[in-house]
Amino acid sequence: MIRTRFAPSPTGFLHIGGARTALFSWAFARHHGGKFILRIEDTDVARSTPEAVQAIIDGMNWLGLAHDEGPFYQMQRMDRYKEVLHKMLADGAAYYCYTTPEELERMREEQRAKGMKPRYDGTWRPEPGKTLPTPPAGVQPVIRFKNPTDGVVAWNDLVKGQIAIANAELDDLVIARTDFTPTYNFCVVVDDWDMGITHVIRGDDHVNNTPRQINILKALGAEVPQYAHLSMILGDDGQKLSKRHGAVSVMQYDDDGYLPEAVLNYLARLGWSHGDDEVFSMTQFCEWFDLDHITPSAAQFNTEKLNWLNAHYIKQADTARLAALVRPRLEARGIAISASPSLEAIIGLYKERVSNLNELADAASIFYADITFDPAVLNQHLTPEALPALVDFATGVRDVAWEPAAINALIKSCIGAHGLKMPKLAMPLRVLLTGQAQTPSVDAVVALFPRETVLKRLAALPA
RNA sequence: GUCCCCAUCGUCUAGAGGCCUAGGACACAACCCUUUCACGGUUGGUACCGGGGUUCGAAUCCCCGUGGGGACGCCA
């Protein structure tokens, strides 16, 4: 049974990189008929917040990435960690270290100055025949893992291939703080072990933690899971995404009018491929997904492609569903949705031409709220030669049958009577009714408005 | 600095030694459609980081270089 997990730390929102990691872990479990587990890594009490937990869950829900087990909270598993910690201490797999953070800092600076990799020097590490210093009074010790000193830790990364790191490169990491709370690398190991995780799919930044985790797993006599490290996602500008540069919550995409299936489809193709396939459902994705076709190199986020996918999914989407999504956006703008025209009718006419839900709301607001005119646009199209035809049209509007074909016939007869070409009348009509020079077919737009509104907006015409 | 990883069009990518005079998608350009703008359709341009090997043959394998990234916490 394949078991994967997504293990974010609740120190902020779910961003695009985390979302992709979650997506791949989820899809891998789905593909194999396994289980997908959500685990909240909240051992950093100072930075974890319940709001962040909620933000992550909201993000997962919006994307529709449902977990089969959890969410598990590490803070609720303290007893278990402490049990393992005591066992390791008893087994000699871990030891107390009295070196203070200040001493460590000094040590690291010296090493850096000498061009060495900064690391703990092993002062308190017990060795056969070695006499340990006397613990200084008043110093609370941390617990360090006794890492092997020689040999190599190797694993076959399912994305990056064979990776081997010499144990000589690794120092004895702190697995419990002075207050006895366990640290990340330790909790992860115990959790992955206890939860029977078979495949750890996570970000690239954890590659360097992997050999340490494998060593702890081995010290515990636990089975080592398979690892797959996903490369990072760069911003649109090729720069690293960070809190102060470009990293936004997935919920921001909701605000920006993206459909979750568009974001998901986009993310699926960021670092993974299935031949030339670009547009596919999540059902299809789960069927196809494998670790063999994940690119080991970093990927740059491309908003334009996301926009294209979003436009595609909006065109495809059921109009009633879109209306339900657009309605709150209009309400948020303080726009009252009237019965005529129906929101569905507006969306039916506009969904072919927009690339996000907010543009749909923009379109709808033309029909529900007062419009403003750009004088330059108005002047450009409201030409003297168009005026008589417009006046004719305004007159004809009073008793023309209220459907596109009849309105189209009226427009044709108006231009015919004045020897005009279609755009001469269609353009000023567009602008007068919508305030815009770009709209769907003008007869369809006219027909969408209630007759009275058209009369009212045309009444502004100079006689 | 040390260790680890990465490297095909502007971007996402296909590519597991001959199928590659390198394919698809986004973006871009032109044309068609047209009642404006989109949509849609057709066409086009642009890429294997450099150098050495291995091989009859290399985008694909190896080495070196260069460039980029990551990690070196009592953060996760």
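Chain naming here is simple, since letters A, B, ... match the order of the sequence lines and numbering starts at 1 in each.
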* Please check if the distance between the ring centroids of Phe6(A) and Phe36(A) is under 6.0 Å. => no

* Asked: What pairs of residues pass the salt bridge (Lys or Arg N to Asp or Glu O under 4.0 Å) test when at least one of them lies in residues 78-89 of chain A, not counting sequence neighbours?
  -> Arg80(A)-Glu83(A), Arg80(A)-Asp194(A), Lys87(A)-Asp91(A)

* Is a side-chain donor-acceptor pair under 3.5 Å present for Lys351(A) with Thr319(A)? -> yes

* Distance between the P atoms of U21(B) and U55(B), in whole angstroms? -> 23 Å

* Between A76(B) atom C1' and Asn185(A) atom CG, what is the distance in whole Å? -> 9 Å

Return the polar atom pairs (N/O with N/O) between nucleotides 32-34 of chain B and the protein under 3.5 Å, or none.
none

* Structure fact -> Note: Ile216(A) and Asn185(A) closest approach over all heavy atoms is CD1-O, 4.3 Å

* **From CA spacing to verdict: side-chain hydrogen bond (donor to acceptor under 3.5 Å, both in side chains), Asp42(A), Gln74(A)** => CA-CA 6 Å; Asp42(A) 54 357; Gln74(A) 291 187 322; over 6 Å; no

* Asked: Touch check for Thr11(A), heavy atoms < 4.0 angstrom, all strands: base, sugar-phosphate only, or nothing?
  -> nothing

* Structure fact -> Assign each of Ser441(A) and Arg47(A) the nucleotide of RNA chain B bearing its closest heavy atom; nearer the 5' end lies the nucleotide of Ser441(A)

* side-chain hydrogen bond (donor to acceptor under 3.5 Å, both in side chains) between Gln54(A) and Asp58(A): does it pass, once the steps are laid out? -> CA-CA 6 Å; Gln54(A) 195 52 50; Asp58(A) 289 347; 2.9 Å; yes

* To do: Name the nucleic acid region contacted by Arg108(A), choosing base, sugar-phosphate or nothing; use a 4.0 angstrom heavy-atom cut-off, strictly under.
  => sugar-phosphate

* Structure fact -> When rounded to whole Å, the CD to C1' distance for the pair Gln213(A) and A71(B) reads 13 Å

* How close or far is atom C1' of G40(B) from atom NE2 of His312(A), stated in whole angstroms? -> 13 Å

* Asked: Taking for each residue the nucleotide of RNA chain B bearing the nearest heavy atom, is the 5' side occupied by Met116(A) or by Ala426(A)?
  -> Met116(A)

* Assign Thr99(A) to base, sugar-phosphate, or nothing according to its heavy-atom contacts below 4.0 angstrom with the strands shown. => base

* Rounded distance in Å - NE2 (His229(A)) to C1' (G69(B)) -> 15 Å

* Sugar-phosphate, base or nothing in reach of Lys315(A), heavy atoms under 4.0 Å -> sugar-phosphate

* With C1' as the reference atom in both, quote the distance from C32(B) to C39(B) in angstrom, rounded to an integer. => 14 Å

* Rounded distance (Å) that lies between atom C1' of C74(B) and atom CD1 of Ile175(A) -> 12 Å

* To do: Side chain of Ile163(A) only, please: which of C74(B), U2(B), C4(B) is the nearest?
  => C4(B)

* Structure fact -> Once base and sugar-phosphate atoms are separated, protein heavy atoms under 4.0 Å mark nucleotides 6-21 of chain B, 5' to 3', with B, S and - as SS---SBSSS------

* To do: Measure the acute angle between the ring planes of Tyr96(A) and Tyr98(A), then classify it against the limits of 30° and 60° as parallel, tilted or perpendicular.
  => tilted

* Select one nucleotide: of C4(B), C74(B), U2(B), the one nearest the side-chain heavy atoms of Lys117(A). => U2(B)

* To do: Scan Lys421(A) against the nucleic acid and name what it touches under 4.0 Å (heavy atoms): base, sugar-phosphate only, or nothing.
  => nothing

* Can you tell me, in whole Å, how much space there is between the P of U11(B) and that of C72(B)? => 29 Å

* Asked: Quick one: the side chain of Asn209(A) and the base of A76(B), do they pair up donor-acceptor inside 3.5 Å?
  -> yes

